[in-house]
Amino acid sequence: MRDAQAKPTQAGPAENGRFDAVIVGAGFAGLCMLHRLRELGLSVRVFERGSGIGGTWFWNRYPGARCDVESMEYSYQFSEELQQEWNWSERFAAQQEILRYLEHVADRFDLRRDIQLDTRVSSAVFDESAGRWTIETDGGARASAKFCIMATGCLSSTSTPRFAGLDSFAGPTFHTGNWPHAPVDFSGKRVGVIGTGSSGVQSIPLIARQAAQLFVFQRTPTYTVPAHNHPLDPGVQERIKGDYAGLRRRAAQMPFGFDTRPGEKLALEATAEERRAEYEDRWARGGLPFISGFADLLYSKDANDTAAEFVRAKIREIVRDPRVAEMLSPRQVIACKRLCIDTGYYETFNRSNVTLIDVSAAPIEAITPRGLRTKNAEYELDCIVFATGFDAMTGALLGIDIRGRGGLSLARKWAEGPRTYLGLATAGFPNLFMITGPGSPSVLSNMVPSIEQHANWIARCIAYLREHELARIEPTALAEDAWVEHVNEVAGGTLFPSCNSWYLGANVPGKPRVFMPYLGFPAYVQKCDEVAAKGYEGFAATP
Ligand SMILES: Cc1cc2nc3c(=O)[nH]c(=O)nc-3n(C[C@H](O)[C@H](O)[C@H](O)COP(=O)(O)OP(=O)(O)OC[C@H]3O[C@@H](n4cnc5c(N)ncnc54)[C@H](O)[C@@H]3O)c2cc1C
């Protein structure tokens, strides 16, 4: 590890380059993986389609974009020096600050010289005779590598519903997941925001303050808990830094990989008064730990109803128009779609320039040159914001033509849904690794520790192969089948599969409905460690 004082550089084109490893993507995952493989002395090339590093935090520049896991925990732990020297300014850092942090990491560890920007990987094909991957990019450049690591992101492939007339709109359109670099000025404009998931919840209050009129098109109402974001007290930060390792250790024991202060009591065994007190306390503290107040909230519908009703009561309290409050009140299980955290979301609907439109009852029929038409009415708009999310977990992977042994295509193999062993690898694709792939805690966890755990595991596995003079590794079909079954079993014991969430692929028409993430960070880490300790049990490694 060394401090890079020199001006940041960027790798030149890798035409016909041969590398030990190619990494696709330069977000949290790609950067960390590059650092780890460099430590092993491997030659590595990172390809990134964006014109900058940072992944999520490069692309999502919409107003209000920030993390919803606290900054002190939503950060790398691989370097104590880095942990100590970086100061977060807010409880939940905004996009610009997280991007600055990642830029700092890239410079500090001199990562840029192995990263090739503006380069989309179009295919990765395994050559069985050579035992190497051939990676092709949009520009026609090729690289060859023994190991291919997909750090392509769970939420990096944007999804826009195919509305009729989409291209006919005369004004500008924006997707929250691919926001312009120059600030967008909505002053004096009639703006339509489609979608009320996390990005909608974060951006709507800020767009509402600027726009002349804001129309929010909502298909499913969202549960959101106040963030109570605030500047980080330097004293608090110093205290955490005094025992950062302790915080990381405690967080690693939590089901979601960050400190949620889980309640041990069951909601159904608590009195109504105890429940109310617990929910009030968590509402006042703010953030995602709200859903960890009682141990049965994600397992029992009756228990979950008590938390859901608490939030609905808050909505009725906050939103003055009872009709709007009712429209904003979700009916599904709380947290079976990603729980959001917000700054003034429900309050925004008290503004006279904001109109909520329920498009579940009267769906959007078409985008028109002047706006948008639902089954019931027409809305004149100057700009449209698509806060419609992502083709989560598999979108970016399947956006690359990946072919393993015998020309087997990943898209064909996953036609009925993704199949992996530990979310790290998939049978038939030797030496191909995924960071936070489907079947790993990924989006059901604090993703930075999950990413680091994967990068560490992959680096250790590659080191093992070298030590034992093994050329290839891939999961056995048996181990993969058992893991897929286990992931489903764990999800099946919870309330997660009970609604149409992106965890299930339900937001993308035609996508197979399979619950993709794995619930339970500590058990997962233990399993990965056991697999490694037993000589990569469930994998076949060959010379
Ligand atoms: C608005 C927003 C807020 C979030 N907040 C949190 C949070 O608070 N806590 C949390 O745990 N998680 C959060 N997430 C999830 C977030 O995606 C992860 O925490 C993390 O940033 C993922 O890092 P990554 O490197 O795995 O993927 P990404 O950051 O998505 O990076 C993947 C990169 O791969 C590149 N890529 C993809 N395909 C190709 C290709 N074919 N060729 C070349 N390059 C390619 C992409 O351009 C992208 O830059 C948030 C996500 C969003 C969208």
Side-chain angles (χ1 to χ4, degrees), residues 22-34 45-71 73-76 91-95 98-99 101-102 115-124 135-139 148-159 175-179 197-203 227 251 256-258 287-288 338-341 387 389-402 434-437 440-452 454-455 502 517 521:
V22 156
I23 299 169
V24 188
F28 265 104
L31 296 181
C32 172
M33 193 71 247
L34 169 59
R45 175 56 55 104
V46 179
F47 292 113
E48 166 56 58
R49 74 183 159 88
S51 59
I53 62 147
T56 290
W57 306 102
F58 172 84
W59 296 105
N60 289 262
R61 297 169 187 247
Y62 60 84
R66 56 179 72 247
C67 56
D68 54 15
V69 167
E70 300 200 18
S71 318
E73 295 192 62
Y74 187 69
S75 53
Y76 290 124
R91 180 184 186 190
F92 299 105
Q95 171 269 330
I98 304 173
L99 185 57
Y101 169 76
L102 289 168
I115 302 174
Q116 186 174 322
L117 300 173
D118 294 311
T119 308
R120 195 188 82 89
V121 168
S122 49
S123 70
I135 289 100
E136 278 193 345
T137 70
D138 268 355
C148 182
I149 300 161
M150 294 298 172
T152 43
C154 292
L155 302 172
S156 59
S157 174
T158 56
S159 162
H175 193 293
T176 48
N178 186 8
W179 199 262
S198 200
S199 308
V201 164
Q202 288 188 330
S203 59
F256 301 108
F258 64 98
L288 297 173
R338 187 171 168 73
L339 184 63
C340 298
I341 70 169
F390 301 91
D391 182 351
M393 304 206 69
T394 54
L397 287 166
L398 297 179
I400 302 171
D401 184 8
I402 302 176
M434 289 163 272
I435 302 190
T436 64
S440 75
S442 56
V443 292
L444 278 187
S445 66
N446 177 2
M447 288 200 72
V448 182
S450 274
I451 283 167
E452 281 199 73
H454 267 193
W502 56 256
F521 185 69

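We count ligands from 1, going down the list as the structure has it; atoms in each ligand are counted the same way. In this chain, numbering begins with 1 at the start of the sequence shown. For clarity, every value in this text was computed on a predicted model and none was experimentally measured.
Among Phe28, Phe92, Phe258, the single residue meeting the ring-ring contact (aromatic ring centres under 6.0 Å, His included) criterion with Tyr74 is Phe28. The side-chain contact (heavy atoms from CB on, under 4.5 Å) with Cys67 is formed by just one residue from the set Asn446, Ile341, Val448, Ile98; it is Ile98.
Among all protein heavy atoms, the one lying closest to atom 11 (O) of ligand 1 is Met447 N, 2.7 Å. Summary of contacts: the protein heavy atom closest to atom 36 (N) of ligand 1 is Arg49 NE, 3.9 Å. Distance from atom 16 (C) of ligand 1 to its nearest protein heavy atom, with residue and atom name: Thr56 OG1, 3.5 Å. Given atom 41 (N) of ligand 1, the protein heavy atom at minimum distance is Val121 O, 3.0 Å.
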Requested in this report: Begin with the C-alpha distance, continue with both residues' side-chain angles, and end with the deciding distance and a verdict on side chain to side chain contact (heavy atoms under 4.5 Å, CB included) for Cys148 and Ile135.
Outcome: CA-CA 8 Å; Cys148 182; Ile135 289 100; 4.3 Å; yes
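Remark: ligand 1 atoms within the under-4.0 Å shell around heavy atoms of Ile400 are 41 (N). Here is the list of ligand 1 atoms found below 4.0 Å of a heavy atom in Gly25: 33 (C), 34 (O), 35 (C). Close approach of ligand 1 to Ala151 is summarised as follows: ligand atoms under 4.0 Å from at least one heavy atom of the residue are 32 (C), 33 (C), 34 (O). Near Asn446, the atoms of ligand 1 lying under 4.0 angstrom from a non-hydrogen atom of the residue are 11 (O). The atoms of ligand 1 that sit less than 4.0 Å from any heavy atom of Arg120 are 40 (C), 41 (N), 42 (N), 43 (C).
Not a single heavy atom of Ala65 sits closer than 4.0 Å to an atom of ligand 1. For the ligand labelled ligand 1, residue Val24 lies inside the 4.0 Å heavy-atom shell. For the pair Phe258 and ligand 1, no heavy-atom separation below 4.0 Å is found.
Phe256 pairs by the ring pair (Phe, Tyr, Trp, His ring centres under 6.0 Å) definition with nothing, not counting sequence neighbours.
Considering backbone and side-chain atoms together, Ile451 places no N or O closer than 3.5 Å to any N or O of ligand 1. Ligand 1 has no nitrogen or oxygen under 3.5 angstrom from a nitrogen or oxygen of Ala26. The N/O atoms of Glu48, backbone and side chain alike, include one that comes under 3.5 Å of an N/O atom in ligand 1. Looking at ligand 1, you won't find any N or O of Ser156 less than 3.5 Å from one of its N or O atoms.
Remark: among candidates Gly54, Ala29, Ala93, the nearest residue to atom 26 (O) of ligand 1 is Ala29, based on non-hydrogen atoms. In this structure, of Tyr62, Tyr74, Trp57, Phe28, the residue bringing a heavy atom nearest to atom 18 (C) of ligand 1 is Tyr74.
If you look at Ser199 next to ligand 1, there are no close heavy atoms at all, none under 4.0 Å. Residue-level proximity to ligand 1 for Ser445 is carried by the backbone, the only part with a heavy atom below 4.0 angstrom. Contacts between Thr119 and ligand 1 below 4.0 angstrom, taking non-hydrogen atoms only, involve the backbone exclusively. Contacts between Phe92 and ligand 1, counted as non-hydrogen atom pairs separated by less than 4.0 Å, are absent for every part of the residue. By the criterion of a heavy-atom distance under 4.0 Å, both the backbone and the side chain of Asp68 are placed next to ligand 1.
If you check the side chains of Ser450 and Ser442, you find no donor sitting under 3.5 Å from an acceptor.
Of the possible polar contacts, one joining the Ser71 side chain to the Ala93 backbone as a donor-acceptor pair under 3.5 Å is found. Remark: side-chain polar atoms of His175 are paired, donor with acceptor, to backbone N or O of Gly389 under 3.5 angstrom.
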Donor-acceptor contacts, no H, no angles, side chain residues 49-56, under 3.5 Å, sequence neighbours left out:
from	atom 1	to	atom 2	distance (Å)
Arg49	NH2	Ser156	O	2.9

